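No experiment lies behind these values; they were computed from the predicted model shown.
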Amino acid sequence: MRDYQDTVTGAIHSFDDQVDPFELCKTNRNIPKTLTRDIIPRPEGPYVWYQGNWALEADVPEGYRAPKFSIPSYDPAWAVFLGAPYTLVVPSEMQLPHFSISSLIEKGMSKEDLAKVVCVLPTLPGFEFNAIVTHDGAIAIQRNNFATQSPKIIDYFNRVLCAILIGGQHTVLVDRKDLVGGQLAENTDNLHVFNPVPNVLLRHYQLDLLVQMQWLQNCRFISVKDLLGAYQLGAHVISAIPTFSPHFLLHGYTSMIFGNFSEALGSFWISVEQITSYMWEKFCVSKDGFHPQQLRKSRQKSMTEDNRTWSTSIKQEMLWQKSIFSETAFVYLNGARKARNDLVHSGKHPARETVINLWQALIELLELSSQREVGTLPLRECITFVSTPMMSMNFNLLKQKIEMDLEKPDATDFSQWDAMVAKFLKKQAAG
């Protein structure tokens, strides 16, 4: 073994005698190009690497941070998965595969195929970056976004997933345990994911055959065209309602399909109140004919800020009397309000039918608020998942608890990522 020193960090790198790191770094981007054979030993005591030599900590400028790496972190990513394992996103130019379970298990799909990026999601309003999507449904963003603020990372992914849900494709809420780390493989469009969650274990065929067969029985295919269409429609609906928080709609839907109807009712009602406030402002408060001219300014202020006098029930009553939404939606909303009050004050759990009816009314409110014709939002089709048997296997046991380092890398290089995104956006724009 022979030692070399990095002139940027002072770190020692060891290589076999037959390996020439000066040649190796020309083809391997992870080998520093700043190595030297002339090693400066580190003295004992509080020394740090400073300007190519060791210096006492007391002698360097205040606030100085010794460099950790001389090479950047190449294309690091945050990612979540679109759905359960074997939720496959299929490029539009390919035919949807119709594999039998036995042929999929026998021949399988290579991990490179599953890791391949198949499309890029356009930017959401308020964000300046794109997300990429792999064949096996990993949705990823560059890791330099949001720095260490994991709640914002999770909120972003749930906004994306909620947009896809509103557009008619089944998704569920993700949280901190669903967040995984990854990286683009060098000179490819493949996204490697490092955490051993079920989707990744199946990507590498590291689960036993019985488990693979159980997931394959629920295999799901989405075309890139359908995914992009759903996402863009949902993003439009979300951006059209400034008071709307996608998290609660997605949380309510997730709770509903898994039979947690009390949680679903609570989250759905938050969404109802948010959308009702927007509709109240749009269809009533902002209309000149709704106010006496001399009281217009003070009355508008009172009707938007005084939520005790102008409660949600009163707002919904007046919206219905103005024929803004249907009688059916109004009846469903009244039933849900009573059920929510019973839950909060008496601990009485709501009936399944009440929650599903509220879901239908909520979809109508979304359609009206985003200026869509009632009955046309594809989100209505997702109600079928409420009665679809869900897999009961507890895959939380497979999610090894890994505390990922949330620190943003000191230096990053996203040139390959940016080039890939530009390539996909050009391809998608061309149809």
Side-chain angles (χ1 to χ4, degrees), residues 25-33 68-82 88-93 110-150 152-161 163-164 174 178-195 197 199-200 203-204 224 227-228 231-232 235 404-430:
C25 71
K26 295 177 182 178
T27 56
N28 189 325
R29 65 181 181 179
N30 295 311
I31 305 300
K33 295 179 172 61
K68 296 180 181 179
F69 306 101
S70 60
I71 55 176
S73 179
Y74 289 100
D75 303 304
W78 293 124
V80 299
F81 281 89
L82 175 62
L88 303 180
V89 182
V90 183
S92 301
E93 63 269 17
S110 72
K111 63 182 179 181
E112 289 79 15
D113 288 338
L114 293 171
K116 190 173 183 61
V117 175
V118 294
C119 69
V120 172
L121 301 180
T123 56
L124 281 174
F127 298 91
E128 298 179 353
F129 52 87
N130 302 91
I132 61 176
V133 182
T134 65
H135 192 27
D136 62 354
I139 301 174
I141 59 174
Q142 294 179 354
R143 190 168 172 171
N144 64 340
N145 296 307
F146 304 118
T148 62
Q149 300 170 336
S150 69
K152 289 191 175 182
I153 301 172
I154 298 300
D155 179 67
Y156 169 79
F157 281 121
N158 279 324
R159 291 181 76 87
V160 170
L161 292 170
I164 294 171
V174 296
D178 300 304
L179 185 65
V180 297
Q183 182 181 37
L184 278 185
E186 185 176 5
N187 297 324
T188 73
D189 291 343
N190 293 354
L191 179 76
H192 289 174
V193 179
F194 307 135
N195 303 66
V197 296
N199 302 68
V200 178
R203 179 188 282 190
H204 294 272
V224 167
L227 180 66
L228 289 174
Y231 170 79
Q232 290 170 330
M404 288 189 299
D405 178 13
L406 289 177
E407 290 291 336
K408 185 172 72 172
D410 288 340
T412 55
D413 185 326
F414 288 105
S415 55
Q416 178 182 329
W417 184 302
D418 292 338
M420 181 190 67
V421 167
K423 176 183 71 176
F424 272 94
L425 290 177
K426 182 178 179 180
K427 179 181 178 181
Q428 289 166 197

* Residues in salt bridge (charged side-chain N to carboxylate O under 4.0 Å, His left out) contact with Lys33, at least two apart in sequence or another chain ->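 In terms of salt bridge (charged side-chain N to carboxylate O under 4.0 Å, His left out), with neighbours along the sequence ignored, Lys33 is linked to no residue.
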
* Asked: Could you go step by step and tell me if Val90 and His135 meet the side-chain contact (heavy atoms from CB on, under 4.5 Å) rule?
  -> CA-CA 6 Å; Val90 183; His135 192 27; 4.3 Å; yes

Using a 3.5 Å distance criterion without hydrogens, assess whether the side chain of [X] forms a donor-acceptor pair with backbone atoms of [Y].
X: Asp189; Y: Val118; answer: no
X: Gln416; Y: Glu186; answer: no
X: Asp75; Y: Ala185; answer: no
X: Gln428; Y: Val120; answer: yes

* To do: Taking side chain to side chain donor-acceptor pair (under 3.5 Å) as the test, write out the residues that go with Asn130, two or more places apart.
  =>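 Per chain and number, Asn130 pairs via side chain to side chain donor-acceptor pair (under 3.5 Å) with no residue.
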
* Asked: After noting the C-alpha distance and the side-chain angles of Tyr231 and Val160, does the key distance pass the side-chain contact (heavy atoms from CB on, under 4.5 Å) rule?
  -> CA-CA 7 Å; Tyr231 170 79; Val160 170; 4.0 Å; yes

* Asked: Under 4.5 Å between any side-chain heavy atoms of Leu88 and Leu114, yes or no?
  ->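 Of all side-chain heavy-atom pairs linking Leu114 with Leu88, at least one is under 4.5 Å.
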
* To do: Decide yes or no on side-chain contact (heavy atoms from CB on, under 4.5 Å) for Thr134 and Val89, but give the supporting numbers first.
  => CA-CA 7 Å; Thr134 65; Val89 182; over 6 Å; no

* To do: Please assess Phe157 against Trp78 for the test side-chain contact (heavy atoms from CB on, under 4.5 Å), listing each intermediate value before the final yes or no.
  => CA-CA 10 Å; Phe157 281 121; Trp78 293 124; 4.1 Å; yes

* Working for ring-ring contact (aromatic ring centres under 6.0 Å, His included), residues Phe414 and Phe129 -> CA-CA 12 Å; Phe414 288 105; Phe129 52 87; over 10 Å; no

* **Given Ile141, Asn199, Val197, Leu179, the one that forms side chain to side chain contact (heavy atoms under 4.5 Å, CB included) with Val80** =>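 Running side chain to side chain contact (heavy atoms under 4.5 Å, CB included) over Ile141, Asn199, Val197, Leu179 with Val80 returns exactly one hit, Leu179.
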
